[in-house]
Amino acid sequence: MISEQEFNQLNRILEQQTGIRLARHKCDIMASRLANRLRVTGSESYAQYYRLILSEQGTAELNKFIDKMTTHETYFFREMSQFEFLCTYLKDKPPTRSPVRAWSAAASTGEEAYSIAMILEDLFYNRSWHVYGTDISQTAISMAQEACFAMSTVSKVPTKFKKAYCLKGFGIHEGSFSVAKQIKEGCTFNVDNLLALKTVDYSFDIIFLRNILIYFDEAKQLEILNNVVKRLNHAGLLFLGHSEALRYKRDDLEMLKPCIYKKIAP
Ligand SMILES: C[S@@+](CC[C@H](N)C(=O)[O-])C[C@H]1O[C@@H](n2cnc3c(N)ncnc32)[C@H](O)[C@@H]1O
């Protein structure tokens, strides 16, 4: 059992680190997500675990805490219709800047960034392109950098891209696949916080900000959106998750389709 005080203490750290604040009724979820970390670290209570992640020796465990308390669900070509739209749009109106730059702004373990990369390589193999992926979770970013995925997840990749860019693992990599060299080399990943960005110092033609805003209150959603839209080039495209459509009109964004926007003002 987690006490109200322990829940509040851990929730405060979560909010300081990520901007996410859990509602009181989520205390059982917090307790069960952290139960294994208490075992692994030998903490006898949530209060002791709280003291550990606050301590100087607790930095690595603080990363594990963030990782446990955030949701990383993702898969290749999630919401396929958005990727189809991207493909058609880029064929018709290819960005003029070079390299073509895309950002997967809550990249999780990398599947979204590599999906975008496959599209860019397919369309712009004779041009330079780059996909940047950021996420607050160090564990997720390490997995994205490794680019080794369970074979069971390859079914989401369209056949044409599967044949061209997915490499079946052998020996110790049996049961997994990696992405081709040109896809992996076109992608860079870094830990970063969308509420306090430190590593994103250029602007993008394409930004995916999907399945992330739902975890924040309205004020933080706006802060994140402003941080992201600021880094979108004029005429660049912004993709939001299917349940995250803007509830109000912004002067700097034109809606092309539900959850897909074009930047129209600086
Ligand atoms: C559900 S995943 C979304 C993955 C991908 N965009 C997709 O739609 O499939 C949400 C990700 O947001 C990350 N996240 C949570 N808070 C964040 C923050 N403040 N800054 C950056 N990333 C954050 C989590 O670590 C998690 O990997």
Side-chain angles (χ1 to χ4, degrees), residues 10-22 26 29-30 33-34 37 62-86 102-119 131-147 149-150 153-157 187-200 204 206-231 237-245 258-261:
L10 288 164
N11 208 10
R12 199 165 50 243
I13 306 252
L14 179 66
E15 189 174 20
Q16 280 163 4
Q17 295 293 321
T18 67
I20 296 169
R21 185 169 181 76
L22 297 185
K26 297 225 166 135
I29 295 181
M30 177 185 275
R33 285 190 178 186
L34 294 180
R37 294 314 307 163
L62 179 61
N63 285 329
K64 294 262 188 312
F65 167 74
I66 293 170
D67 188 49
K68 283 283 169 205
M69 295 314 304
T70 43
T71 303
H72 305 290
E73 190 197 348
T74 187
Y75 46 90
F76 284 95
F77 293 89
R78 183 177 194 177
E79 294 173 44
M80 179 60 96
S81 61
Q82 294 200 332
F83 289 96
E84 286 164 354
F85 178 92
L86 176 65
W103 178 23
S104 170
S108 188
T109 41
E111 287 87 335
E112 182 177 84
Y114 289 124
S115 302
I116 302 168
M118 289 181 201
I119 287 181
V131 181
Y132 192 47
T134 58
D135 198 281
I136 202 153
S137 161
Q138 174 66 67
T139 312
I141 286 297
S142 300
M143 289 169 74
Q145 287 165 334
E146 208 178 309
F149 300 99
T153 66
V154 82
S155 60
K156 302 277 184 195
V157 180
C187 298
T188 312
F189 295 93
N190 254 318
V191 173
D192 212 336
N193 182 347
L194 285 165
L195 286 160
L197 288 165
K198 289 200 177 76
T199 70
V200 189
F204 299 88
I206 302 151
I207 299 180
F208 275 56
L209 178 71
R210 304 190 313 163
N211 304 303
I212 164 90
L213 291 176
I214 39 165
Y215 299 107
F216 295 88
D217 63 28
E218 247 179 72
K220 297 244 170 51
Q221 288 186 5
L222 183 62
E223 210 179 318
I224 290 177
L225 260 173
N226 288 341
N227 283 345
V228 166
V229 173
K230 204 163 47 181
R231 289 164 170 88
L237 298 180
L238 172 67
F239 293 80
L240 301 181
H242 73 276
S243 59
E244 298 170 315
C259 305
I260 306 179
Y261 303 84

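Atoms within each ligand, like the ligands themselves, are counted from 1 in listed order.
Across all non-hydrogen atoms, the minimal contact from Lys156 to Phe77 is O-CB, 3.8 Å.
Under the 30°/60° scheme for interplanar angles, the aromatic rings of Phe208 and Phe239 are found to lie parallel.
Annotation: side chain to side chain donor-acceptor pair (under 3.5 Å) contacts of Asp217 (sequence neighbours excluded): none. Taking Gln82 as the reference, Arg210 meet the side chain to side chain donor-acceptor pair (under 3.5 Å) condition, with sequence neighbours excluded. Residues forming a side chain to side chain donor-acceptor pair (under 3.5 Å) with Tyr215 (at least two apart in sequence, or on another chain): none.
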Once you restrict both partners to nitrogen or oxygen, which atoms of ligand 1 have a protein partner under 3.5 Å, and how far apart are they?
from, atom 1, to, atom 2, distance (Å)
ligand 1, 6 (N), Ala106, O, 2.8
ligand 1, 6 (N), Glu112, OE1, 3.4
ligand 1, 6 (N), Glu112, OE2, 3.2
ligand 1, 6 (N), Arg210, O, 3.0
ligand 1, 8 (O), Arg78, NH1, 3.4
ligand 1, 8 (O), Arg210, O, 3.3
ligand 1, 8 (O), Asn211, ND2, 2.8
ligand 1, 9 (O), Thr74, OG1, 2.7
ligand 1, 9 (O), Arg78, NH1, 2.8
ligand 1, 19 (N), Thr18, O, 2.9
ligand 1, 19 (N), Asn193, OD1, 2.9
ligand 1, 20 (N), Leu194, N, 3.0
ligand 1, 22 (N), Ile136, N, 3.3
ligand 1, 25 (O), His72, ND1, 3.4
ligand 1, 25 (O), Asp135, OD1, 2.6
ligand 1, 27 (O), His72, ND1, 2.8
ligand 1, 27 (O), Asp135, OD1, 3.3
ligand 1, 27 (O), Asp135, OD2, 2.7

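The closest side-chain donor-acceptor pair between Asp135 and Ser108, if any, does not fall under 3.5 angstrom.
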